[in-house]
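Below: one structure, written as structure tokens.
Each chain gets a letter, A, B and so on, in the order its sequence line appears, and its residues count up from 1.
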Amino acid sequence: MWATTTFQPEAPFRVMRADGSIAVFDTVHHLAEAIGQHKISIAHTFLVDAKIRPVVILQGRPRGALPEYAALKLTRLAKLTDDGRKRVRQGLYPDLLYLAEDAGKYGLPTENAIDVNSLVRVHRDAIIAVAGRLDSAEITTLGHKLAAALDIDLRGPIREGVVAHLEALRQRD
Amino acid sequence: MKTRTVAANDVRIPDPVSGEVVVVERYGRPYAAIIDTDALDMFLRMQAVFGEHVPHEMGVSDLELTVHRLAESGEDTEEFDYAAFLAR
């Protein structure tokens, strides 16, 4: 999907006051102090950079009940070395999923990589258009990579699934 | 992880350098790695701290970090083609 996404707020923090003026805080502690002194509202307005870019939406929302989507950012490989690009194409990196140049499938003019460490939330109002689609194998691979990157321990559920499957087989026989 | 010690006279390896990992490749893929003793000490201490559940971040490679910085900074992203969007 093409969507407008914001960059993560980081120091120095730029905050808009109620009168529209901009306050800059070098650290989050200075910001908290200003809030504590009622110079800045607790619910304040951050000024952050944003960019329209392609992202991979990770969730279906058929009911429309949850308007926010988890998504991952894509990046081109133009700034990598030739050797680095070659390695990404070979799939040597657990945290990257390579998307070859395939405008018909992905809707992008060049090759890209999905960075599984770039998890972001995108509101449906920020989505502009569909760019392309991943196939089911890529979605499965991405899920495995994402679970690893998020330090989600799947061994317990996998073990339980195997045990349940074996028990079902045993009862069938 | 078990430690197997071999005598320096029995093997030929590049000199370990502090702060550097020498990755030995075979058929274009990582096959072995050589680290200096300070890095080994740090590795063993981290292993003791984290046990089986080593945070994923510990294994993120330099190239993956480079790609991540590019993704987060938006330095190397596709440009949105508004004309093409209108033409759809």
Fill in: Distance, nearest 0.5 Å, that separates CZ of Arg87(A) from CZ of Arg29(B)
10.0 Å

Pairs of donor and acceptor atoms involving the side chains of residues 135-147 of chain A, under 3.5 Å and at least two apart or interchain, shall be tabulated with distances.
| unit_1 | atom_1 | unit_2 | atom_2 | d |
| --- | --- | --- | --- | --- |
| Asp135(A) | OD1 | Ala137(A) | N | 3.1 |
| Asp135(A) | OD1 | Glu138(A) | N | 2.8 |
| Asp135(A) | OD2 | Lys105(A) | NZ | 2.7 |
| Glu138(A) | OE1 | Lys105(A) | NZ | 3.2 |
| Glu138(A) | OE1 | Asp135(A) | N | 2.9 |
| Glu138(A) | OE2 | Lys105(A) | NZ | 3.1 |
| Glu138(A) | OE2 | Tyr106(A) | OH | 2.4 |
| Thr140(A) | OG1 | Ser136(A) | O | 3.0 |
| Thr141(A) | OG1 | Ala137(A) | O | 2.9 |
| Lys145(A) | NZ | Tyr93(A) | O | 3.1 |
| Lys145(A) | NZ | Pro94(A) | O | 3.0 |
| Lys145(A) | NZ | Leu96(A) | O | 3.1 |

Worksheet entry | Arg89(A), CZ atom: more than 12 neighbouring heavy atoms under 6.0 Å | yes

Worksheet item: For Arg61(A), does the CZ atom have more than 12 heavy-atom neighbours from other residues, nucleotides or ligands under 6.0 Å away?
Response: yes

Discussion item. Which one wins on heavy-atom pair count under 4.5 Å against chain B: Ala131(A), Ala129(A), Gly84(A), Pro109(A)?
Written reply: Pro109(A)

Fill in: Common cluster, Leu58(A)/Ile114(A), ILVMFWY with side-chain heavy-atom separation under 4.5 Å
yes

Worksheet, complete the sentence: Comparing Ile52(A), Thr110(A), Leu92(A) against chain B, the one with the most heavy-atom pairs below 4.5 Å turns out to be Thr110(A)

Practice prompt. Just give me the residue among Ser73(B), Gly28(B), Pro30(B), Ser61(B) that pairs up with chain A most often, heavy atom to heavy atom, under 4.5 Å.
Written response: Ser73(B)

Worksheet item: Would one find more than 12 heavy atoms of other residues, nucleotides or ligands at under 6.0 Å from atom CD1 of Ile42(A)?
Response: no

Practice prompt. Flag yes if more than 12 heavy atoms outside Glu10(A) fall under 6.0 Å of its CD atom; otherwise flag no.
Written response: no

Item to complete: Would you check if there is a donor-acceptor pair between the side chains of Asp95(A) and His56(B) at a distance under 3.5 Å?
Response: yes

Worksheet item: When you look at CZ of Phe7(A), are more than 12 heavy atoms from neighbouring residues, nucleotides or ligands closer to it than 6.0 Å?
Response: yes

Discussion item. Tell me if a side-chain donor or acceptor on Asp76(B) pairs with a main-chain N or O of Thr75(A) at a distance below 3.5 Å.
Written reply: no

Worksheet entry | Lys51(A) portion near chain B, given a 4.5 angstrom heavy-atom threshold | side chain

Fill in: Minimum side-chain heavy-atom gap Leu77(A)-Leu70(B) below 4.5 Å
no

Practice prompt. Is it possible for you to say whether Val21(B) and Leu63(B) belong to one hydrophobic cluster, with membership spreading through side-chain heavy-atom contacts below 4.5 Å?
Written response: no

Discussion item. Which atoms of Leu72(A) are under 4.5 Å from chain B, going by heavy atoms: the side chain, the backbone, both sets, or neither?
Written reply: neither

Worksheet item: Taking only residues at least two apart or on different chains, which pairs with a member in residues 31-48 of chain B satisfy salt bridge (Lys or Arg N to Asp or Glu O under 4.0 Å)?
Response: Asp41(B)-Arg45(B)

Worksheet item: What residue in Asp153(A), Asn117(A), Asp49(A) has the most heavy-atom pairs under 4.5 Å with chain B?
Response: Asn117(A)

Worksheet item: Salt bridge check: are Glu78(B) and Arg53(A) linked by an N-O gap of less than 4.0 Å?
Response: no

Discussion item. Report which part of Thr66(B) has an atom under 4.5 Å of a heavy atom belonging to chain A: side chain, backbone, both, or neither.
Written reply: side chain

Worksheet item: Side chains of Asp115(A) and His68(B): is there a donor and an acceptor less than 3.5 Å apart?
Response: yes

Practice prompt. Considering only heavy atoms and a distance below 4.5 Å, find which of Val116(A), Leu74(A), Leu80(A) pairs most often with chain B.
Written response: Leu80(A)

Worksheet item: With hydrophobic residues grouped by side-chain heavy-atom distances under 4.5 Å, do Leu154(A) and Leu150(A) end up in a single group?
Response: yes

Worksheet item: Checking heavy atoms, do the side chain of Phe85(B), its backbone, both or neither come under 4.5 Å from chain A?
Response: side chain

